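Working notes, structure below.
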Amino acid sequence: MTLTLHHAPDFASTIVRLALEELELPHTIALADIEGGALASPDFRRVNPVGLIPALETPDGPIFETAAILLWLTERTGRLAPGPNEPDRGAFLSWLFFTSNALHTSALALFYPHRPAGEANTDAARAAAHDQIMARLGLIEAMIAAQSPRWLSVEHPGVLGYYIGILVRWLILLPPPPYGIDLAGFPNLRAVLAAHEARPAALRVAMADGLGPTPFTNPGA
Ligand SMILES: N[C@@H](CCC(=O)N[C@@H](CS)C(=O)NCC(=O)O)C(=O)O
């Protein structure tokens, strides 16, 4: 299977890179020159008409949107998530879509509050996004504590651990005070992310992308 990931280090494409590495799927990295306008080029728009990374070129054609790519990879390999006929598939899908639609979206609103709210309203938009993120991380924490799902666990690597890990990394590193998050309030999630970042595959990507030794739980290290 020939796969090409359109990527820039420490962008959302790193989530897909982590999954590809964990799955040991051979792939080519096509570095996107974002500053140089590469995502607006007609060639790239044929891969992802939305003009964002990640995008993955596959033998079946290009795929975009982080969650769609992750789901396709888990289905093709039968790894890193419950399969279509397994009993915990529904719960996994629910939290994957929640991560994509709700957590990822509110993180982007925190980093770029002018996009949903306009330049005049960035303070209010940032505060609202932060409240949403805290509530949404709280739901994930409570779900792990109550259900101990194997698809977001210390024992088994999974695409959701890598997806949430990169979002948490950015939520610790990027927002201006007082809007950064502290994982101390989310101990079950912290343990899951610590297990994911310690995996050999994650360490390889951390090295390649310059993410440091503990990219999810202590990204500033
Ligand atoms: N919903 C999209 C979001 C992807 C996204 O926001 N990509 C950012 C990088 S983290 C991007 O391509 N930014 C480049 C730009 O805005 O020019 C997904 O999950 O794939």
Side-chain angles (χ1 to χ4, degrees), residues 3-22 27 29-58 60-75 80-81 92-119 122 125-126 129 132-133 136-137 140 152 158-176 179-181 202 205-206 208-212 215-216 219:
L3 299 171
T4 300
L5 176 64
H6 293 264
H7 173 63
D10 212 3
F11 280 66
S13 51
T14 298
I15 300 159
V16 175
R17 188 172 197 179
L18 285 158
L20 289 168
E21 202 63 39
E22 185 67 58
H27 57 279
I29 298 289
L31 278 179
D33 177 9
I34 295 177
E35 298 287 312
L39 302 186
S41 74
D43 277 352
F44 185 72
R45 292 297 169 118
R46 274 190 283 277
V47 175
N48 181 357
V50 181
L52 297 173
I53 53 172
L56 186 70
E57 294 188 67
T58 82
D60 300 344
I63 312 176
F64 59 93
E65 282 294 320
T66 306
I69 297 170
L70 295 177
L71 200 47
W72 187 86
L73 288 171
T74 67
E75 286 170 348
L80 301 186
F92 162 75
L93 286 177
S94 300
W95 290 98
L96 177 66
F97 279 75
F98 175 78
T99 298
S100 172
N101 292 344
L103 187 62
H104 194 162
T105 302
S106 49
L108 292 175
L110 183 64
F111 308 145
Y112 310 108
H114 58 281
R115 290 185 185 166
E119 292 291 350
T122 56
R126 183 170 275 134
Q132 280 186 326
I133 287 160
R136 289 167 179 176
L137 288 174
I140 293 170
L152 188 61
V159 290
L160 205 47
Y162 286 130
Y163 196 167
I164 296 171
I166 288 292
L167 296 179
V168 163
R169 167 185 175 79
W170 299 338
L171 289 167
I172 295 172
L173 275 182
L174 299 182
Y179 295 121
I181 66 151
V205 173
D209 270 18
L211 307 180
F216 305 154

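As the structure is a prediction and not an experimental result, all values here were calculated from the model. Both counts, for ligands and for their atoms, begin at 1 and track the order of listing.
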At what distance is the nearest protein heavy atom to [atom], and which residue and atom is it?
{"atom": "atom 9 (C) of ligand 1", "value": "F11 CD2, 3.2 Å"}
{"atom": "atom 11 (C) of ligand 1", "value": "L52 CD2, 3.5 Å"}
{"atom": "atom 7 (N) of ligand 1", "value": "I53 O, 2.7 Å"}
{"atom": "atom 6 (O) of ligand 1", "value": "L108 CD1, 4.0 Å"}
{"atom": "atom 1 (N) of ligand 1", "value": "E65 OE1, 2.9 Å"}

### Task
Looking only at distances, please establish whether an N/O atom of ligand 1 is found under 3.5 Å from an N/O atom of W170.
no
### Task
Please round to the nearest 0.5 Å and tell me the distance separating atom CZ of R126 and atom NE2 of H114.
9.5 Å
### Query
Any chance the rings of H104 and Y163 have centres within less than 6.0 Å?
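So the answer is yes for these two rings.
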### Query
Taking the side chain from R17 and the backbone from D209, do they hold a donor-acceptor pair closer than 3.5 Å?
no
### Message
Closer than 3.5 angstrom, by distance alone: can the side chain of S106 be matched with the main-chain N or O of A102 as a donor-acceptor pair?
### Response
yes
### Query
Are any of the side-chain heavy atoms of F111 and L171 separated by less than 4.5 Å?
yes
### Query
With side chains defined as the heavy atoms from C-beta onward, is the minimum distance between I34 and I53 less than 4.5 Å?
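Sidechains of I53 and I34: in contact.
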### Task
For ligand 1, note which part of V50 has a heavy atom under 4.0 Å away: side chain, backbone, both or neither.
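V50 to ligand 1: no contact under 4.0 Å from either part.
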### Query
For ligand 1, which atoms, with element, lie under 4.0 Å from some heavy atom of H104?
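Within the 4.0 Å cut-off of H104, ligand 1 contributes 19 (O).
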### Query
Looking at P54, which atoms of ligand 1 are within less than 4.0 Å of one of its heavy atoms?
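Within the 4.0 Å cut-off of P54, ligand 1 contributes 20 (O).
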### Message
Name the residue from L71, L73, T66 that meets the side chain to side chain contact (heavy atoms under 4.5 Å, CB included) definition with I69.
### Response
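In the set L71, L73, T66, the residue that makes a side chain to side chain contact (heavy atoms under 4.5 Å, CB included) with I69 is L73.
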